[in-house]
There are 2 protein chains.
Amino acid sequence: MGIIERKEREKEQRREEIVTAAEKIFFEKGLAIATMDEIAEAAELSKGTLYLYYKSKEDLYLAVAMRGSEIMYKMFLEATSPEKSTIERIAGLAEAYYRFFKQNRDYFRMYQYFDNSQFHKQVSQDMLHTCATNDQKIWDLVIGLIQQGIDEGLFDADLDAKQAAIILWANGNAIMRLMDREDTYFTEHMKLDLEATLQKAYQLILEGMMTKKGKVKYHAIRQIEETV
Amino acid sequence: MGIIERKEREKEQRREEIVTAAEKIFFEKGLAIATMDEIAEAAELSKGTLYLYYKSKEDLYLAVAMRGSEIMYKMFLEATSPEKSTIERIAGLAEAYYRFFKQNRDYFRMYQYFDNSQFHKQVSQDMLHTCATNDQKIWDLVIGLIQQGIDEGLFDADLDAKQAAIILWANGNAIMRLMDREDTYFTEHMKLDLEATLQKAYQLILEGMMTKKGKVKYHAIRQIEETV
DNA sequence: CCCATTAAATGACTATCAGTCAGTAAATTG
DNA sequence: CAATTTACTGACTGATAGTCATTTAATGGG
């Protein structure tokens with residue numbers, strides 16, 4: 001039945017159109033200030049139709065955030081292409097996360113709500129499950145790579161790959177959140193270079209986890225990067 | 001004029017009563033779900049009265065959060081009492097932050113909104129300024145202590161005390177935020193011990209910043225703690 | 001003690017917005 | 001072409017942040 005297939009395709013398209021409209025509004029205003037009427041207008045649909053495709057404003061918000069998640073995953077895949085050495089791939093991941101932040105700040109910003117347990121309660125189980133699946137892909141990639149580093153003797157043998165992944169992520173995420181603050185508290189009032197702080201944090205943590213062999217290889221690639 | 005003074009005292013009391021009522025409701029429901037009518041009922045006042053004392057729901061929310069800030073500051077002061085050695089005081093700070101999280105999780109949770117630039121726009125300049133002043137006291141304490149560590153040769157001479165403070169805070173904060181998530185994603189699905197991860201992160205970062213002398217003293221006090 | 005003045009508090013009211021649902025329009029089918 | 005299914009609409013409901021004219025209480029001078 002070609003018609004059923006076409007209809008499904010069109011339905012999927014409509015879903016995407018709605019997400020595109022929502023994205024525009026959420027990027028401009030954030031979750032709290034954006035309204036469903038605005039989104040409906042941007043999508044050239046009635047508000048009622050939005051609710052045929054998404055259960056709530058919060059679900060729609062997460063649907064937009066998922067786009068960011070997919071972009072990040074693709075950037076991570078590119079940063080870890082198999083022709084590179086393990087150490088390059090690991091350094092590449094940290095760089096890719098920062099590039100994601102710089103180039104897709106609107107998406108990065110949307111993630112703030114993920115940690116909020118009150119927000120979780122306003123979201124459907126379905127959508128939460130989709131998010132968790134997407135997240136898992138990314139964690140698997142990072143953790144797998146760190147495990148490979150451990151196996152190759154670049155990282156301490158007693159390092160837990162999962163712990164290491166969390167620590168690296170936590171650092172980067174928290175410092176980038178500070179960078180994203182629009183007030184001038186840290187940059188002007190505290191006269192702090194947050195980008196340098198981020199680099200320093202990554203360096204401290206990565207080197208703290210590495211074996212002598214790992215550090216040698218890590219410094220070698222950083223040398224090359226700096227001379228380029 | 002004793003009457004004017006009494007009136008001012010009563011006004012201040014009323015302000016505190018309102019914050020106490022708001023605290024109860026915000027702790028239970030979070031910013032988005034709590035309503036000003038509920039808070040008014042808890043305060044045994046009409047909603048209009050709340051607005052005589054606070055400009056908006058968000059301002060009132062921050063007034064509650066400031067209580068948490070003050071508790072944290074007091075805990076930090078206690079953790080850094082002058083009779084202790086510098087290394088003990090620095091280790092004490094990290095522990096105190098974790099204790100604040102464990103014992104005052106409701107307050108900890110409220111801070112999530114501080115990073116949200118959309119939230120900043122919904123809050124009065126006055127309140128934002130009060131927050132910044134409170135924040136500054138805490139940063140000054142932490143940064144001053146790390147600077148002392150540098151001066152005493154416990155930390156690398158080329159370490160920037162402000163950067164170090166941010167990195168330590170960023171780590172702890174981000175991992176504790178994960179701990180606070182009410183879903184079981186990290187603990188059960190990923191089988192991760194987040195408390196151990198936090199300890200590991202602190203250890204990596206602190207040791208990465210320390211001189212040999214610093215590490216010796218740090219290990220000495222950790223030894224004592226473990227045997228207690 | 002009484003009344004004018006000031007200060008504090010009230011709650012009905014407005015505006016806004018998330019979410020619903022009875023009804024309409026369009027596409028499909030037989 | 002009529003019946004049926006599917007997609008969409010927008011007026012409506014209920015909830016809630018914030019306002020403001022009015023009421024209530026306290027104060028102080030006469």
Side-chain angles (χ1 to χ4, degrees), chain A residues 1-22 25-26 28-64 113 118-119 121-124 126-127, chain B residues 1-22 25-26 28-64 113 118-119 121-124 126-127:
Chain A
M1 297 292 266
I3 286 168
I4 289 174
E5 283 155 22
R6 195 202 73 223
K7 285 218 167 185
E8 249 158 50
R9 233 174 23 244
E10 282 172 354
K11 215 164 175 174
E12 192 48 48
Q13 259 176 337
R14 192 50 36 108
R15 266 180 88 86
E16 285 303 309
E17 283 165 22
I18 289 171
V19 176
T20 300
I25 306 298
F26 283 136
E28 280 169 20
K29 311 211 170 180
L31 174 62
I33 297 165
T35 74
M36 290 298 268
D37 284 301
E38 281 177 297
I39 293 169
E41 204 191 317
E44 295 174 20
L45 290 167
S46 75
K47 185 161 64 163
T49 306
L50 302 188
Y51 285 93
L52 295 175
Y53 289 85
Y54 292 94
K55 286 203 184 89
S56 67
K57 185 181 171 185
E58 285 75 18
D59 261 35
L60 183 50
Y61 187 83
L62 279 191
V64 177
Y113 287 95
Q118 299 296 341
F119 178 72
K121 286 171 196 161
Q122 292 176 284
V123 165
S124 74
D126 267 16
M127 191 52 85
Chain B
M1 297 290 267
I3 285 169
I4 289 174
E5 282 154 23
R6 197 202 74 224
K7 284 219 167 187
E8 249 159 50
R9 231 171 28 241
E10 280 172 355
K11 215 165 177 174
E12 193 48 47
Q13 258 176 338
R14 191 54 30 112
R15 265 180 89 85
E16 284 304 308
E17 282 164 24
I18 289 170
V19 176
T20 300
I25 305 299
F26 283 136
E28 279 168 23
K29 312 213 168 180
L31 174 63
I33 298 165
T35 74
M36 290 299 268
D37 283 304
E38 283 177 295
I39 293 169
E41 204 192 318
E44 295 174 7
L45 290 167
S46 74
K47 185 161 63 163
T49 305
L50 303 188
Y51 285 94
L52 294 176
Y53 289 84
Y54 292 95
K55 286 203 184 89
S56 68
K57 185 181 170 184
E58 284 75 18
D59 261 35
L60 183 50
Y61 187 81
L62 280 191
V64 177
Y113 286 94
Q118 299 296 342
F119 178 72
K121 287 171 195 161
Q122 292 175 284
V123 164
S124 74
D126 265 16
M127 192 52 85

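All values below were derived from every heavy atom in this structure, side-chain atoms included, with hydrogens, water molecules and symmetry-related copies excluded. Chain identifiers are assigned alphabetically (A, B, ...) following the order of the sequence lines, protein sequences preceding nucleic acid strands; residue numbering begins at 1 within each chain.
Residues meeting the side-chain hydrogen bond (donor to acceptor under 3.5 Å, both in side chains) test with A:E28, sequence neighbours left out: A:K24. Applying the salt bridge (charged side-chain N to carboxylate O under 4.0 Å, His left out) rule to B:E38 yields the partners B:K29; only residues at least two apart in sequence or on another chain are considered.
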I'd like a table of atom pairs between the protein and nucleotides 24-26 of chain D - only N or O on both sides, under 3.5 Å - with the distance next to each one.
none

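Residue contacts for A:L52: at a heavy-atom cut-off of 4.0 Å it reaches a base atom on one of the strands shown. At a threshold of 4.0 angstrom between heavy atoms, the contacts of B:Y53 are confined to the sugar-phosphate backbone, with no base atom among them.
Separating the CG atom of A:D59 from the C1' atom of C:dA18 is a distance of 13 Å, rounded to the nearest angstrom. Rounded to whole Å, the distance from CD on A:E10 to P on C:dA26 is 15 Å. Separating the CZ atom of A:R14 from the P atom of D:dT9 is a distance of 7 Å, rounded to the nearest angstrom. Between the CG atom of A:L45 and the C1' atom of C:dT24 there is a distance of 16 Å, given to the nearest Å. Rounded to a whole Å, the CD atom of A:Q13 is 12 Å from the P atom of D:dC8. In this structure, B:E44 atom CD and C:dT10 atom C1' are separated by 15 Å, rounded to whole Å. Regarding B:K11, its NZ atom lies at a distance of 9 Å from the P atom of C:dA7, rounded to whole Å.
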I'd like to compare against my own output: the B/S/- annotation of nucleotides 14-19 of chain D with a strict under-4.0 Å heavy-atom distance to protein. --SBBB

Donor-acceptor pairs are to be reported for all side-chain atoms of residues 47-56 of chain B against protein atoms at under 3.5 Å, with residues two or more places apart or in another chain.
| from | atom 1 | to | atom 2 | distance (Å) |
| --- | --- | --- | --- | --- |
| B:T49 | OG1 | B:S46 | OG | 3.2 |
| B:S56 | OG | B:E58 | N | 3.4 |
| B:S56 | OG | B:D59 | N | 3.1 |

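Relative ring orientation between B:Y113 and B:Y61 is described as perpendicular, the plane-to-plane angle rising above 60° on a 0-90° scale split at 30° and 60°.
Pairing each heavy atom of A:M127 with each of A:A63, the nearest pair is CE-CB, 4.0 Å. The heavy-atom pair separating A:A21 from A:I39 by the smallest distance is CB-O, 3.8 Å.
Between B:T49 and C:dT10 there is a side-chain N or O to OP1 or OP2 distance below 4.0 Å. A sub-4.0 Å separation between OP1 or OP2 of D:dG10 and a side-chain N or O of A:S46 is absent.
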What verdict does the side-chain contact (heavy atoms from CB on, under 4.5 Å) test give for A:Q118 and B:I33, after you've listed the backbone C-alpha separation in whole Å, the side-chain angles of each residue and the deciding distance to 0.1 Å? CA-CA 8 Å; A:Q118 299 296 341; B:I33 298 165; 4.0 Å; yes

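Judged as a side chain to side chain donor-acceptor pair (under 3.5 Å), the pairs with a partner in residues 8-20 of chain B (not counting sequence neighbours) are, in order, B:R6-B:E10, B:R14-B:E17, B:E16-B:R67, B:T20-B:R67.
Once rounded to the nearest 0.5 Å, the distance linking OG1 of B:T35 with CD1 of B:I25 reads 7.5 Å.
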